[in-house]
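Working notes, structure below.
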Amino acid sequence: MSGVIVTGPPKADTKDVEALAGFGVATVSEAMGRTGLLGPQIRPIQQGVRVAGTAVTVLSWPGDNLMIHAAVEQCGEGDILVVTTTSPSTDGMFGELFATALRRRGVRGLVINAGVRDTQELRETGFAAWSRAVSAQGTVKATGGSVNVPVAIDGQVIRPGDVILADDDGVVVVPRERARETAEKAGAREAKEAAARAAFLDGQLGLDRYGLRETLKRLGVEYKTYEEYAGEGR
């Protein structure tokens, strides 16, 4: 497998990345029309952590982390390393030594469509990671691949420089051209949710706030007393 290492790809504006960092993954996905989510199998190894940054992408051979070593050189302040393989893999391709090198370069976290190991050390050092698997299985460094090319994880295309946002709910990718627009829409959605939260605290029902009684009626859902329901012989 030959490959390419692309240097200096365009990135989302830092201000837009920081704006998106103020919102949860669910809010940002909803703001983009319920798109951009990586699958639920990509899970955090820690809890209570949210990171946002620009993607440095890696396409590796399964069970081979050579291209992660190559990618470290391309990483910088505010980046998130995004790794996938040419076919499914759960091997522990990333561990504490990689995290040490990436922290030194200002990298905010890892998203990997394969396995990680040294998870206790990663948590203790504060390096955030989202992975498909946790596995002590080691890897080799023998096969070429690519860095900073478009990759796909769970049907979502991630390009170098796109925004990656990750928290306890999962991971979402925001195309770099849509970062500012998405941050604005996420802010509007959060304001709308704050108003709904206040209404619910005041006792209003979602059925009434969202006009769902008419939806139930249109769908043929009926209200019956227990006596009426029991009298139908169920």
Side-chain angles (χ1 to χ4, degrees), residues 6 9-60 68 71 74-89 94 102 107-116 127-133 146-194 196:
V6 179
K11 296 183 177 183
D13 187 271
T14 301
K15 291 182 179 179
D16 298 331
V17 176
E18 296 307 317
L20 286 167
F23 305 107
V25 164
T27 296
V28 169
S29 175
E30 294 281 358
M32 291 196 298
R34 298 195 295 175
T35 63
L37 287 174
L38 276 58
Q41 292 80 18
I42 305 292
R43 301 302 305 152
I45 66 164
Q46 67 286 309
Q47 291 291 303
V49 175
R50 179 188 297 161
V51 298
T54 44
V56 172
T57 61
V58 180
L59 180 62
S60 289
I68 299 180
Q74 304 305 316
C75 290
E77 187 71 37
D79 286 333
I80 292 178
L81 187 64
V82 179
V83 181
T84 192
T85 53
T86 56
S87 61
S89 174
F94 185 100
L102 291 176
V107 174
R108 295 176 177 174
L110 166 79
V111 174
I112 183 167
N113 190 28
V116 295
F127 189 84
W130 285 255
S131 70
R132 183 169 293 272
S146 295
V147 176
N148 278 334
V149 299
V151 298
I153 298 177
D154 293 331
Q156 297 296 332
V157 175
I158 303 164
R159 302 168 305 160
D162 284 347
V163 182
I164 299 294
L165 178 68
D167 63 16
D168 288 350
D169 290 338
V171 182
V172 65
V173 55
V174 181
R176 57 180 181 263
E177 300 90 348
R178 297 184 60 189
R180 181 169 304 178
E181 165 203 350
T182 301
E184 292 171 353
K185 289 182 177 179
R189 180 174 181 81
E190 196 162 82
K192 182 179 179 180
E193 289 182 350

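All figures in this text were calculated on a predicted structure; none of them were measured in a lab.
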Using side-chain heavy atoms (C-beta onward) and a distance below 4.5 Å, is [X] in contact with [Y]?
X: Val151; Y: Val157; value: no
X: Gln74; Y: Pro9; value: no
X: Ile158; Y: Ile164; value: yes

Gap between atom [atom2] of [Y] and atom [atom1] of [X] - 0.5 Å precision:
X: Asp16; Y: Arg180; atom1: CG; atom2: CZ; result: 4.5 Å
X: Leu37; Y: Leu165; atom1: CG; atom2: CG; result: 10.0 Å
X: Leu102; Y: Cys75; atom1: CG; atom2: SG; result: 5.5 Å

So, the side chain of Asn113 versus the backbone of Thr84: is there a donor-acceptor pair under 3.5 Å, distance only? no
Would a distance-only check, ignoring hydrogens and angles, find a side-chain to backbone donor-acceptor pair under 3.5 Å from Thr85 to Ser60? no
Pair listing, salt bridge (charged side-chain N to carboxylate O under 4.0 Å, His left out) test, anchored in residues 149-159, at least two apart: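 The answer is Arg132-Asp154, Arg159-Asp162, Arg159-Glu177.
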Show, in sequence, the C-alpha distance, side-chain angles and deciding distance for Thr182 and Val163, and conclude whether the side chain to side chain contact (heavy atoms under 4.5 Å, CB included) test is met. CA-CA 11 Å; Thr182 301; Val163 182; over 6 Å; no
Could you walk me through whether Arg189 and Glu193 pass the salt bridge (Lys or Arg N to Asp or Glu O under 4.0 Å) test, one step at a time? CA-CA 6 Å; Arg189 180 174 181 81; Glu193 289 182 350; 3.4 Å; yes
Nearest heavy-atom neighbours spanning [X] and [Y]:
X: Ala26; Y: Asp169; answer: CB-OD2, 4.4 Å
X: Ser131; Y: Ala114; answer: CB-O, 3.7 Å
X: Gly170; Y: Val25; answer: O-CG2, 3.5 Å
X: Ala52; Y: Ile80; answer: C-CD1, 3.7 Å
X: Ala183; Y: Phe23; answer: O-CE1, 3.6 Å
X: Arg108; Y: Ala128; answer: O-CB, 4.2 Å

Just to verify, which of Val116, Val56, Val58 counts as forming a side-chain contact (heavy atoms from CB on, under 4.5 Å) with Val83?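 Per the side-chain contact (heavy atoms from CB on, under 4.5 Å) rule, the option paired with Val83 is Val58, out of Val116, Val56, Val58.
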Mind jotting down which residue pairs meet the side chain to side chain donor-acceptor pair (under 3.5 Å) criterion with at least one end in residues 25-43? Sequence neighbours excluded, please.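 Listed by first then second residue: nothing to list.
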Sequence neighbours excluded, every pair satisfying side chain to side chain donor-acceptor pair (under 3.5 Å) that has a member inside residues 46-55: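 Listed by first then second residue: Thr54-Asp79.
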Of all residues at least two apart in sequence or in a different chain, which pass the side chain to side chain contact (heavy atoms under 4.5 Å, CB included) check with [X]?
X: Ala152; answer: none
X: Ala166; answer: Val51, Trp130, Val171
X: Glu77; answer: none

Report the C-alpha separation of Leu110 and Phe94 in whole Å, then their side-chain angles, then the decisive distance to 0.1 Å, and conclude whether the side chain to side chain contact (heavy atoms under 4.5 Å, CB included) test is met. CA-CA 9 Å; Leu110 166 79; Phe94 185 100; 3.5 Å; yes
